[in-house]
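Reading through the structure tokens given below for one structure.
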Amino acid sequence: MRVLLVEDDEMIGHSLKEALSTQGWSVDWVKDGLLAQSAWADGDYACVLLDLGLPKRDGVEVLRHARTRGDTTPVLVLTARDGVDDRVGGLDVGADDYLVKPYEVRELLARMRAVIRRRDGSAHSVIGNANVQLDLTTREVLVQGERAQLSAREFALLHALLERPGAILSREQLENRIYGWGEEVSSNAVDVLIHGMRRKLGPDAIRNVRGLGWRVSGGSATGAGAVA
Ligand code: CA
């Protein structure tokens, strides 16, 4: 999954980017408010991590701009400011949650999962259909009730498809979800990923819609939440 990290502090930014990458996230990192605004408008992010005190444009203004144009990406505000006014200000313009620095990366990851889940509209962390279920907390994958091993990219791709079962996602939409900036993406990268995933998930788990993209079938996850 892809995350936009907006942080002007070099040390915090570097350590966060590294920690998130280790967890399988593709991280786009920007260091000022104007770059944040344009990256946000262009990218398809599962989550935005937003510092408030930024050069060029304040984080609250960046967030207000995104919400005003109807963007509903989950936002976790990361701020050194512990003033109640700042927190209330951030939440009022549409932040989903906030963390006051310093925080532990474990807590950050848990809160990211929580705001993404809330956006997905599910109280539990399992999404899927009748064939395959993903546990977004444990990152376990069940295929017909059997555990399967997916790479971080495969997991991200399946997550994107299962968020909207039945909907067709184009090559570009899938690439946007799984690759960050500066990553070499070969023209057949998505095909190669999906080819490998079909061996793990079954030949019909991900269907190609000629010329348009790919989709997974709908239908609710049977036994969702039962991943122990
Ligand atoms: Ca800052």
Side-chain angles (χ1 to χ4, degrees), residues 1-120 125 136-137 139 152-153 156 159-160 175-185:
M1 283 192 287
R2 207 169 154 196
V3 59
L4 178 63
L5 169 62
V6 187
E7 172 61 76
D8 62 316
D9 184 295
E10 289 284 341
M11 274 197 15
I12 296 175
H14 270 296
S15 64
L16 262 185
K17 182 169 182 179
E18 199 175 309
L20 291 164
S21 303
T22 313
Q23 296 290 318
W25 286 88
S26 276
V27 183
D28 292 344
W29 176 21
V30 293
K31 300 169 192 175
D32 73 54
L34 284 179
L35 284 175
Q37 211 161 283
S38 57
W40 196 340
D42 287 346
D44 183 2
Y45 296 104
C47 182
V48 176
L49 303 177
L50 183 66
D51 181 29
L52 290 187
L54 293 168
K56 297 190 182 169
R57 185 155 298 173
D58 194 78
V60 169
E61 286 309 310
V62 174
L63 178 54
R64 194 196 312 275
H65 183 265
R67 294 304 189 226
T68 303
R69 60 181 174 77
D71 188 291
T72 58
T73 308
V75 174
L76 196 51
V77 162
L78 310 173
T79 180
R81 307 174 186 182
D82 50 5
V84 174
D85 285 351
D86 286 322
R87 270 182 264 160
V88 170
L91 292 170
D92 271 351
V93 294
D96 296 84
D97 200 358
Y98 64 87
L99 268 177
V100 176
K101 297 169 190 171
Y103 45 78
E104 286 203 33
V105 170
R106 275 186 313 151
E107 183 178 9
L108 171 70
L109 291 167
R111 291 202 190 211
M112 283 170 72
R113 289 192 296 265
V115 296
I116 292 167
R117 271 205 305 278
R118 280 207 296 265
R119 199 271 318 253
D120 289 347
S125 64
L136 304 178
T137 305
R139 304 184 68 79
R153 287 221 164 103
H159 184 191
E175 285 174 355
N176 279 340
R177 279 293 293 270
I178 55 184
Y179 298 101
W181 300 334
E183 288 190 76
E184 276 302 319
V185 185

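One-based numbering, in listed order, for ligands and for the atoms of each. These values consider heavy atoms only, across backbone and side chains, with no hydrogens, waters or symmetry-generated copies.
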Item to check | For the Ca ion (ligand 1), the closest N/O/S atom belonging to D8 | outcome: OD1

Checklist outcome for this item: The atom of D51 among N, O or S that is nearest the Ca ion (ligand 1) is OD2

Item to check | Residues D97 and R113 bridged, charged N to O under 4.0 Å | outcome: no

Checklist entry - Crowded around E18 CD? As in, over 12 foreign heavy atoms under 6.0 Å? => result no

Checklist entry - Are more than 12 heavy atoms from other residues, nucleotides or ligands located less than 6.0 Å from atom CZ of R106? => result no

Item to check | Minimum heavy-atom distance D44-R2, with the two atoms named | outcome: O-CB, 4.1 Å

Checklist entry - So, L54 and the Ca ion (ligand 1): N/O/S under 3.0 Å, yes or no? => result no

